[in-house]
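Structure record follows, encoded as structure tokens.
Here is the naming used below: chain letters follow the sequence lines, and residue numbers restart at 1 for every chain.
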Protein chains: 2
Amino acid sequence: MNRGISGANLPALRSHNTALVLGLLRTATVGAGTGISRLELAERTGLTPQAVSKITARLRADGLVDEAGRGAPTGGKPRTLLRLARRARYAAGVHLDRDELTVVLADLAGGVVDARTLPLDLGRPAGEVLEAVAGLVRETVRATPGADGAVLGAGLACPGPLDHAAGVLHRVTGLPGWEGYPLRDALAERLGLPVVLDKDTNAAALAVLPTGEDAAAGAEPGPGAGDSFGYLHLGTGLGAGLVLDGALHRGARTGAGEFGHQAVAPDGPVCACGNRGCLEALCLAAVGRGDTAGAARLLGVGAANLVSLLDIDRVVLGGRTVLADPGLFAREVAAAMDPRTLRAAGRTVPVTVATAGRRVVAEGAALLALAPLFGQTAVGRPPVRVRGRTVTASRGDISG
Amino acid sequence: MNRGISGANLPALRSHNTALVLGLLRTATVGAGTGISRLELAERTGLTPQAVSKITARLRADGLVDEAGRGAPTGGKPRTLLRLARRARYAAGVHLDRDELTVVLADLAGGVVDARTLPLDLGRPAGEVLEAVAGLVRETVRATPGADGAVLGAGLACPGPLDHAAGVLHRVTGLPGWEGYPLRDALAERLGLPVVLDKDTNAAALAVLPTGEDAAAGAEPGPGAGDSFGYLHLGTGLGAGLVLDGALHRGARTGAGEFGHQAVAPDGPVCACGNRGCLEALCLAAVGRGDTAGAARLLGVGAANLVSLLDIDRVVLGGRTVLADPGLFAREVAAAMDPRTLRAAGRTVPVTVATAGRRVVAEGAALLALAPLFGQTAVGRPPVRVRGRTVTASRGDISG
DNA sequence: TGCACTTTGGCAACAGCGTTGCTTAAGTGG
DNA sequence: CCACTTAAGCAACGCTGTTGCCAAAGTGCA
């Protein structure tokens, strides 16, 4: 029942609008982006040009935003383009997998500046693992001139159930030693930086959110809404990261996205979780007997369920098994989905493979640490007049 | 890519906070609620007491809020309790089903003031159906003294695929005449009132959202987050309404909640949608052969999939078939879910049956029309300091 | 009964947000 | 070269929630 504290005051208003502008600047900065003008920022946010001028002036004074040349001629004074000062701040992204450690250093726009990978057995004692992580992060930061004092924080992505809010691991399958370990705070103390802990699949989903370079062909988010998709990760397990209306959906216990343990066959084989007919068990069995196409088609059935339940715009695939034959997976998953989504939802849902490949989780982890800067939540809507008096309006329950 | 316009200005800020206060007043008003004091409003919203005083003063001047006695003695001046002036405004809720029309008139707090039901064949021509709907709404409004000029709008809940944003029906299964019909605008014109169109399952889910009277036992939303649940409706079909973090999840095309067409058996019977193994086909077949408990257990398997994917807090059941034996359904669904959610998510998920019974959809439809008044979206969080300067913060992608 | 104390809640002045009206800057095109 | 167009900053402003203060309205002990 406790809805939390969500009253808004002027500093919150300012933060919200600043984050909104920064978010748009980021999408205009990533990849080969040339920047975005103040007026376009005003159009996209709904703020007045003057308000955008003030906000961008503050950001420029803080060194977070630079001018980047002129826009196309329009018959009058050309628009001045703005973009993020990419190297003004950095964030570290850590992918702590069962047998491997990957660390990336990302700039303000999320671009990877440096990346390092090390073999690492997650079964080793916690102190040892933490020292390896902290060491590789420090090494990566030191290798980039100017990054040393400018790292905003670190994102840490791990497999298995965990609690994002508390920063604590639950049970990493097969590795009982990590149960309940406060990984976030332990790393934060060693690094002297804020750390955000999340599931690997959630991190990967963040990396796939279109920050400019990666919007899937044909995927059109609905009117006024953010992007919605599922990132399906098939590696040593099968999980998903869900982005709904442009925001990661974790669930209250960081339990969302347990895609692999949906039941799709009443009398299927017994899964490692103890139940029958889990999609993960069927899928991995198919992979195990070399039937990659069969695994992909099973994945497609699960993906079709996801589309039916959540009305997402697109599906993105990743994980080692998928990356071993990306074309086949994209093709077979789509083939398995099409008849179901066409008949049930009347549309074809685009299926792609995450372009960042094996580094997608680490890149997403860095975005976890950058996320507080780039908000996207609305404060509300224009006031509504009720019986002649302006009373109120808000996004509330209804969205149209 | 178009994130929509979400910049916030002072009127938006005011609307947001006013809606927040109204929402808390509503939860304190429904049922046997005695009201809520200004100071508690301040604590719950995070606003200062003075800000709450100003907001409630405006609402009292508008006639939307009344004083309602004193709070418990605390050793000083007792708090003055406030509550919604329930009869200050009304909203109509329309449940247009295949064979029946139900209209309720709800007061500001969502309480049902009057309700009427009529047999109505949805296969009749559109004009005839609309006239019946408008007629029953008018009749219901006229029957309540003081309601005539005070109706904020009408919510209209229908079965089958439709577009909430456009207010247009897609194809109502078996009734091709309604395909593409702009039902919302047609009714709005006849009534001279704003109309909101939504799926019956979404409306029912709104009615189940705890506005005070209906919080399921044992359901604890996660820290800082809103309630999350799935409302599963088993009647002539099988569908769901999803509430995630306190907000209805519709999807960009109002397609979310197609719970019945998830595949749970690779070689199952052919469903009406043309695919094999849909949960709806299996479930309805079980009902058809009198195996109600079997249908309930199948429902439980689907519900467990929902919990795995979305990490929801609870499951609520409704629909004619469920209401024919509520106890059995609650028991068997829970029994089928428990082994799956215990092993996969480590918890038991409460299962209840919607208390509003057959009227739940119409009640929820009325809430659709009231929703714009009672927002629950946050503007952001307190500012975050980055390298010594206050830059920004927002809810953004990460929620902890 | 009276008085000290506690707590509520309004009044008034204020800081800071985006907005408005206007001016200046910097181009294009005849 | 000049009229015109468009971009973007300056200054004044309205309105938001906030702060400091004070009156109102209780409780509880002497």
Check this for me, if you would: do B:E67 and B:R60 make a salt bridge, where the nitrogen-to-carboxylate-oxygen distance has to be below 4.0 angstrom? yes

Is the phosphate of C:dG18, meaning OP1 or OP2, less than 4.0 Å from a side-chain N or O of A:N17? yes

Would you say D:dG9 has OP1 or OP2 under 4.0 Å from some side-chain N or O of A:S53? yes

Quiz item: A:Q50 side-chain donor-acceptor pair to C:dC17 base, under 3.5 Å: no

B:R44 side chain to A:S6 backbone, donor-acceptor under 3.5 Å: no

Do the side-chain N or O atoms of A:N9 get closer than 4.0 angstrom to the phosphate oxygens (OP1, OP2) of D:dT16? no

Using a 4.0 Å heavy-atom cut-off across all strands, classify B:T80 as base, sugar-phosphate, or nothing. sugar-phosphate

Pair B:D198 + B:R250, salt bridge at N-O below 4.0 Å: yes

When rounded to whole Å, the CG to C1' distance for the pair B:L47 and D:dT19 reads 15 Å

Taken to the nearest whole Å, CD/B:E67 to C1'/C:dG10 is 12 Å

Between D:dT16, C:dA12, C:dG9, spot the one nearest the side chain of B:L13, thanks. D:dT16

Rounded to whole Å, CZ of A:R58 lies from C1' of D:dA8 at a distance of 16 Å

Can A:D62 and A:R89 be counted as an ion pair, charged N to O under 4.0 angstrom? no

Does a side-chain N or O of B:T48 approach OP1 or OP2 of D:dT18 to a distance below 4.0 Å, or not? yes

In whole angstroms, the gap separating P of C:dT8 from CG of B:L41 amounts to 13 Å

State which of C:dT19, D:dA8, C:dG9 makes the closest approach to the side chain of A:L39. D:dA8

Identify whether any heavy atom of A:L10 sits under 4.0 Å from a base atom; if not, whether one sits that close to sugar-phosphate; answer base, sugar-phosphate or nothing. base

Spacing of B:E43 atom CD relative to C:dT8 atom P, expressed in whole Å: 9 Å

Salt bridge check, B:R38 against B:E43: does any charged N sit closer than 4.0 Å to a carboxylate O? no

Rounding to a whole Å, what distance do you find between A:L20:CG and C:dG18:P? 11 Å

Among A:V21, A:T18, A:V65, which one satisfies side chain to side chain contact (heavy atoms under 4.5 Å, CB included) with A:R58? A:T18

What's A:I55 touching, base or sugar-phosphate or nothing? Going by heavy atoms closer than 4.0 Å. sugar-phosphate

Roughly how many Å is it from CG in A:L81 to C1' in D:dT6, rounded to a whole number? 15 Å

Exercise answer: donor-acceptor pairs, residues 29-36 of chain B side-chain atoms, under 3.5 Å, sequence neighbours excluded:
unit_1 : atom_1 : unit_2 : atom_2 : d
B:T29  : OG1    : B:L25  : O      : 2.5
B:T29  : OG1    : B:L84  : N      : 3.0

Grab the N/O contacts between the protein and nucleotides 26-29 of chain D below 3.5 Å, and write none if there aren't any.
unit_1 : atom_1 : unit_2 : atom_2 : d
D:dG26 : OP1    : B:R70  : NH1    : 3.4
D:dG26 : OP1    : B:R70  : NH2    : 2.5
D:dG26 : N2     : B:G75  : O      : 3.3

Mind listing the closest non-hydrogen atom pair of B:G63 and B:A85 along with its distance? O-CB, 3.3 Å

Rounded to whole Å, please give me the gap between NZ in A:K54 and P in D:dG9. 12 Å

